[in-house]
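Note that the structure is predicted; figures quoted are calculated from it, not measured. Just so you know, ligand 1 is whichever comes first in the structure, and atom 1 is the first atom listed for that ligand.
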Amino acid sequence: MSKKKAKWHVNLLTLFPEMFPGSLGMSLSGKALENRVWSYKCINIRDFGQGVHKCVDDTPFGGGAGMVMRPDVIEKALLSAGDPGRKIYMSPRGKLLTQDIVEELATTPKLTILCGRYEGVDQRLLDAHEFEEISIGDYVLSGGEPAAMILMDACIRLLDGVMGNAQTPDEESFSNGLLEYPHYTRPANWKDAKGNLRSIPDVLVSGHHKNIDGWRLDQSELITKQRRPDLWKRYITGKT
Ligand code: ADE
């Protein structure tokens, strides 16, 4: 019996294939992987390394610390994948991953993600194959694999049939340019470990849906204004 083809596929070029699927093999993304809503294939860059030692890197021209991944080795690994789809290189130098980019990538049927290690990869490889560089934030990880996992996680939860009806992506943070309002559940009156009684906002048990929506929007606006002036500015000026 032939396996059903997944609608969203990722090729991962990595020196550490054993890192995958990692957390993506659990919970909702794990179920979706089992159900072939999405699929992935690791291509071990080491398999394409040079010589008996399967060397994948070398010292940088011009000197300096660290090692650089060789373009010839990565190209062989890339070409082994067949049609690569959209080519992405995870890098702190890339454009910042946003929910808009996640939504775009989740509707792109095939991605090939290059996960770098060491100081990075030879620039000529990125130029020759027109890799798009994407960063998950302004900090430096020891390699691109965790960054690729984060990008994939954010995409997978948007794929059809992954979240079911339990969650509503249209009300979460960023969907309207604002951070999410606070949530509360039972008990309505809760005494914390320090003995403080903590109750919930009255409006949430009023049954008045218009007021509840209004309160939630106010909270979202307040939190966004306080925590993320950059998002707030964009929201009030109506720019994206
Ligand atoms: N590799 C190392 N740091 C990274 C980052 N911040 N984003 C994406 N890839 C990375």
Only one of Ile113, Leu141, Ile150 forms a side chain to side chain contact (heavy atoms under 4.5 Å, CB included) with Met90, so which one is it?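 In the set Ile113, Leu141, Ile150, the residue that makes a side chain to side chain contact (heavy atoms under 4.5 Å, CB included) with Met90 is Ile113.
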Present, as a list of atom pairs with distances to 0.1 Å, all nitrogen or oxygen contacts under 3.5 Å between ligand 1 and the protein.
| unit_1 | atom_1 | unit_2 | atom_2 | d |
| --- | --- | --- | --- | --- |
| ligand 1 | 3 (N) | Leu141 | N | 3.0 |
| ligand 1 | 6 (N) | Gly137 | O | 3.1 |
| ligand 1 | 6 (N) | Tyr139 | O | 2.8 |
| ligand 1 | 7 (N) | Ile136 | N | 3.0 |
| ligand 1 | 9 (N) | Ser91 | N | 3.1 |

Please name all residues satisfying side chain to side chain contact (heavy atoms under 4.5 Å, CB included) with Ser80, sequence neighbours left out, ordered by chain then number.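 Ile43, Phe48.
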With sequence neighbours left out, write down each residue that passes side chain to side chain contact (heavy atoms under 4.5 Å, CB included) with Met67, or none if nothing qualifies.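 Per chain and number, Met67 pairs via side chain to side chain contact (heavy atoms under 4.5 Å, CB included) with Asp57, Thr59, Tyr118.
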Could you check whether the rings of Phe131 and Tyr89 sit parallel, tilted or perpendicular, using 30° and 60° as the cut-offs?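 Rings of Phe131 and Tyr89: perpendicular, over 60°.
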Can you sort out the partners of Trp215 under ring pair (Phe, Tyr, Trp, His ring centres under 6.0 Å), two or more places apart, ordered by chain and number?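 Result, ring pair (Phe, Tyr, Trp, His ring centres under 6.0 Å) vs Trp215: none returned.
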Would you kindly say whether Glu180 and His183 are connected by a side-chain donor-acceptor distance under 3.5 Å? yes
